[in-house]
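Letters go in sequence order (proteins before strands), and every chain restarts at 1. Just so you know, these numbers come straight off a predicted model, no measurement behind them. These numbers come from the heavy atoms of this one structure, side chains and all, not from hydrogens, waters or symmetry mates.
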Amino acid sequence: MADPQEVLSQRVRSALGAALGADYAGTDPVIRPSQFADYQANAALALAKKLGRKPRDVASDIVARLEVDDVCREVEISGPGFVNMTLRDDWIAGQAQDLLADPRLGVPEQPKQNIPVDYSAPNVAKEMHVGHLRTTVVGDALVRTLEFLGHNVIRQNHIGDWGTPFGMLIEHLLEVGEHSADADLLKTDPNAFYQAAKEKFDTSEDFAVRARRRVVALQGGDAETLRLWQGLIDLSKVYFNKVYTTLGVTLTDADLAGESTYNDALAGVCAELERAGIAEQSEGALCVFLEGFTGREGNPVPLIVRKSDGGYTYATTDLATVRYRVEELKADRIVYVVGAPQAMHFQMMWETARKAGWLPESVETVHVQIGNVLGTDGKILRTRSGKPIRLMALLDEAVERATRVVAENRPDLDEQTRAAIARDVGIGAVKYADLSVSHDTEYVFDFDRMLALNGNTGPYLQYAAARIRSIFRKGGLAPEDAVGPIALAEPAERELALALLGFGPVVRLVGDTLEPHRLCGYLFDLAQAFTSFYERCPVLKAEDSTVRGSRLALTAATLRTLVQGLALLGVHAPERM
RNA sequence: GCACCUGUAGCUCAGUGGAUAGAGCACCGGACUUCUAAUCCGACGGUCGCAGGUUCGAAUCCUGCCAGGUGCGCCA
């Protein structure tokens, strides 16, 4: 099983060593996809300068020593010194054949790392918004991908389950009754509960006093207060899980590691920072000042770990968290899938942790910055009346729209089947839209675009998979039974086979760069290569049984790759649509 | 004021220092007696924000500027 780019890299590297001496055997041969061949090696151009020779001469020396007869049909020097390489059809076919037999479809199994991934992180008693949706969806795709690459991924749902608002929330819960309909709002419409509590807090001085007293009791560990607090969380969990189930996200209660988890460690964090001279008192608060972080008027900006009232901040919690992930979870790499505005906070927090010795250089931390989600007007997504959009309402609308489309196009299917398809398509469309653009840029949320059957959308990929399944259904065959042999004659067959070889490399790339949109781009290209093939190359009706067998094998490999690829993104491909 | 992010076709977005910068949508023109036309094929469409620099070669790296977004002392 081989990544053509990797194979060619090795061959060209050997040629470099043979032609220019062992010192050059380690040079990057700079293999890139080419518009004039399958791949091109660009190393000669860079080396020419160093060697004081003409690039074309260097290229021809490389080509003279290049042993690729088994892999390439044609090697050609062109332009200023590019080495264009065209793969042999039988080599591509052979690799595709290997792919068919490989349960991992060419995806490498990497040395196992412990990777805590922090994502989703909704707040108790608050509606999840589209921002949470995106970190949840992107995080889940990364988690699935990293696991498939062989890593020990530890999901960490750092929910907001602590802080001053809980005083008012607990008091409100007490007033409405723990088992009241009002309390049940937490399961379905948490903002309604939150707003009601806030309303009382803002309008009733008496309530506000009790709320503040309740915060003190909560932080002091009062048993009854803790019980009520736990009740709030349990109710909120119902809501979270409903969202996760609807979305098809892998998070469970076992992955909850909310802010409150680290309460016991906060005092120690502060004490150690102070003892080590990393933190200092400033205006009554305990602060860490770091070089290079200045705010307005050039003042140094602090990372506050203990407020002047003695309370701790999320910086303190995050420090305790990173220490826990290193010491207890034995993290090799820590991934934070969190909104882009937190970038500076993470930089300061990590630098502090490194200074304190809690975050060794050997442990890499990555902030997968999630950009804002905008409406079609280019502003932060809100309803027409200006309120934030309820996440469940958003998902319902996606499914509703998909339902209408399915009803229109597939009146032949029964209602239950159509409803299942509509769920897969509606939810898949939303998730895919979140994933298909680079995670750190803002993106425009547009139902019409994401549900379109054309373009780089979830439904387009699902449709490609559904058509393939339809072929096998029609032929009374199982994809597993399509074993080839694969032989390539038509250009569309060749293109499809070559595209299939790209799956392993792109999955590895996503694991390295934590950029799921690259997998989306790959799958879209693959689906396009398939539909092209589908138009030009009859499978079941192929005139020749050998051709038919080969095409069936290509089709089966495409199906598995699409389904696996979509699965890594957390998108389900329905049997038919 | 400082820091970070963004600026690529009318719109939404890709783009590993490599040749003539790519998709999709929209618009225009074609293809259904054929495995799902919810599709496919073709045409049109560009001062890669601007100006310098590095390089054999820059959308990509560096500097400055312009525009938009975000963050910047006791919320998380």
Salt bridge (Lys or Arg N to Asp or Glu O under 4.0 Å) partners for A:Arg418, two or more places apart: none

Quick check on contacts: within residues 45-53 of chain A, what sits under 4.0 Å from RNA chain B by heavy-atom distance? A:Leu45, A:Ala46, A:Lys49

Would you please classify the geometry between the A:Tyr336 ring and the A:Trp350 ring as parallel, tilted or perpendicular, with 30° and 60° separating the classes? tilted

With A:Arg53, which residues qualify under side-chain contact (heavy atoms from CB on, under 4.5 Å), at least two apart? A:Leu20, A:Leu51, A:Asp57, A:Val58, A:Asp61

Hey, could you give me each pair passing salt bridge (charged side-chain N to carboxylate O under 4.0 Å, His left out) that has a residue in residues 445-464 of chain A? Not counting sequence neighbours. A:Arg401-A:Asp448, A:Asp446-A:Arg449

Sugar-phosphate, base or nothing in reach of A:Tyr460, heavy atoms under 4.0 Å: sugar-phosphate

Categorize A:Ser436 for me: base, sugar-phosphate, or nothing, with a 4.0 angstrom heavy-atom threshold over every strand shown. nothing

When all nucleic acid strands are considered with a 4.0 Å heavy-atom cut-off, which category describes A:Asp412: base, sugar-phosphate, or nothing? nothing

Based on Watson-Crick and G-U pairs with both distances under 3.5 Å, what dot-bracket line describes RNA chain B 5' to 3', crossing pairs as [ ] and inter-strand pairs as |? (((((((..((((....[...))))..((((.......))))......(((((..]....))))))))))))....

Provide the distance between the two P atoms, one in B:rU70 and one in B:rG29, to the nearest whole Å. 43 Å

Residues forming a salt bridge (Lys or Arg N to Asp or Glu O under 4.0 Å) with A:Asp424, sequence neighbours excluded: none

Tell me what A:Asn42 touches on the nucleic acid: a base, only sugar-phosphate, or nothing, going by heavy atoms under 4.0 Å. base

Which is true for A:Glu515 with a 4.0 Å heavy-atom rule: it touches a base, it touches only sugar-phosphate, or it touches nothing? nothing

Hey, does A:Arg449 reach any base, or is it just sugar-phosphate, or nothing, if we go heavy atoms under 4.0 Å? sugar-phosphate

Within the 4.0 Å heavy-atom criterion, would you say A:Arg410 contacts the bases, only the backbone, or no part of the nucleic acid? base

CG of A:Asp440 to NE2 of A:His517: how many Å apart, nearest 0.5 Å? 8.5 Å

B:rU34 to B:rA21 separation - C1' atoms, rounded to the nearest Å: 38 Å

Toward the 5' end of RNA chain B, by each residue's nearest nucleotide, A:Lys474 or A:Ser438: A:Ser438

Gap in Å between the two P atoms, one belonging to B:rG30 and one to B:rA14, rounded: 34 Å

Geometric class of the A:Tyr443/A:Phe445 ring pair [parallel <30°, tilted 30-60°, perpendicular >60°]: tilted

Would you mind telling me which of A:Lys541, A:Arg536, A:Glu535 makes a side chain to side chain contact (heavy atoms under 4.5 Å, CB included) with A:Pro538? A:Lys541

Which part of the nucleic acid, if any, lies within contact of A:Tyr312, taking any heavy atom under 4.0 Å across all strands shown: a base, the sugar-phosphate backbone alone, or nothing? sugar-phosphate

B:rC27 to B:rA67 separation - C1' atoms, rounded to the nearest Å: 29 Å

With a 4.0 Å cut-off on heavy atoms, is A:Val301 in touch with a base, just the backbone sugar-phosphate, or nothing at all? sugar-phosphate

Using the C1' atom on both, measure B:rU60 against B:rA19 and round to a whole Å. 16 Å

Do A:Thr531 and A:Tyr460 have side-chain N/O donor and acceptor atoms under 3.5 Å apart? yes

A:Arg548 bridged to A:Asp544 by N-O distance under 4.0 Å: no

Identify the 5'-most and 3'-most nucleotides of RNA chain B with at least one atom closer than 4.0 Å to a non-hydrogen atom of chain A. B:rG1 to B:rA76

Of all residues at least two apart in sequence or in a different chain, which pass the side-chain contact (heavy atoms from CB on, under 4.5 Å) check with A:Tyr312? A:Leu266, A:Ala267, A:Cys270, A:Arg306, A:Thr316

Please report the distance separating the P of B:rA59 from the corresponding atom of B:rA51, rounded so that it comes out in whole Å. 13 Å

Are A:Asn456 and A:Ser436 close enough that a side-chain donor and a side-chain acceptor fall under 3.5 Å? no

Check every strand shown and say whether A:Glu283 touches a base, only sugar-phosphate, or nothing at a heavy-atom separation below 4.0 Å. base

A:Glu408 near the nucleic acid: base, sugar-phosphate alone, or nothing, with a heavy-atom cut-off under 4.0 Å? nothing

Mind checking the C1' distance from B:rG1 to B:rC62? Whole angstroms is fine. 24 Å

Applying a 4.0 Å non-hydrogen cut-off, can you work out what A:Cys537 is touching in the nucleic acid: base, sugar-phosphate, or nothing? base

For A:Thr86 and A:Asp38, which I'm curious about, is there any donor-acceptor pair between the side chains at under 3.5 Å? no

Whole-Å C1' distance, B:rU6 and B:rC13: 13 Å

Below 4.0 angstrom, which residues in residues 337-352 of chain A have at least one non-hydrogen atom near RNA chain B? A:Pro341, A:Gln342, A:Met344

Hey, does A:Thr457 reach any base, or is it just sugar-phosphate, or nothing, if we go heavy atoms under 4.0 Å? nothing

Those residues at least two apart in sequence (or on a different chain) that pass salt bridge (Lys or Arg N to Asp or Glu O under 4.0 Å) with A:Arg469 are A:Glu575

Kindly list each side-chain donor-acceptor pair under 3.5 angstrom involving residues 337-348 of chain A, sequence neighbours excluded, with atom names and distances?
| from | atom 1 | to | atom 2 | distance (Å) |
| --- | --- | --- | --- | --- |
| A:His345 | ND1 | A:Tyr314 | OH | 3.4 |
| A:His345 | NE2 | A:Asp318 | OD2 | 2.7 |

For A:Arg212, which residues count as a salt bridge (Lys or Arg N to Asp or Glu O under 4.0 Å) partner, sequence neighbours excluded? A:Glu205

Starting at the 5' end of RNA chain B, which residue's closest nucleotide do you reach first, A:Ser308 or A:His517? A:His517

When all nucleic acid strands are considered with a 4.0 Å heavy-atom cut-off, which category describes A:Gly455: base, sugar-phosphate, or nothing? sugar-phosphate

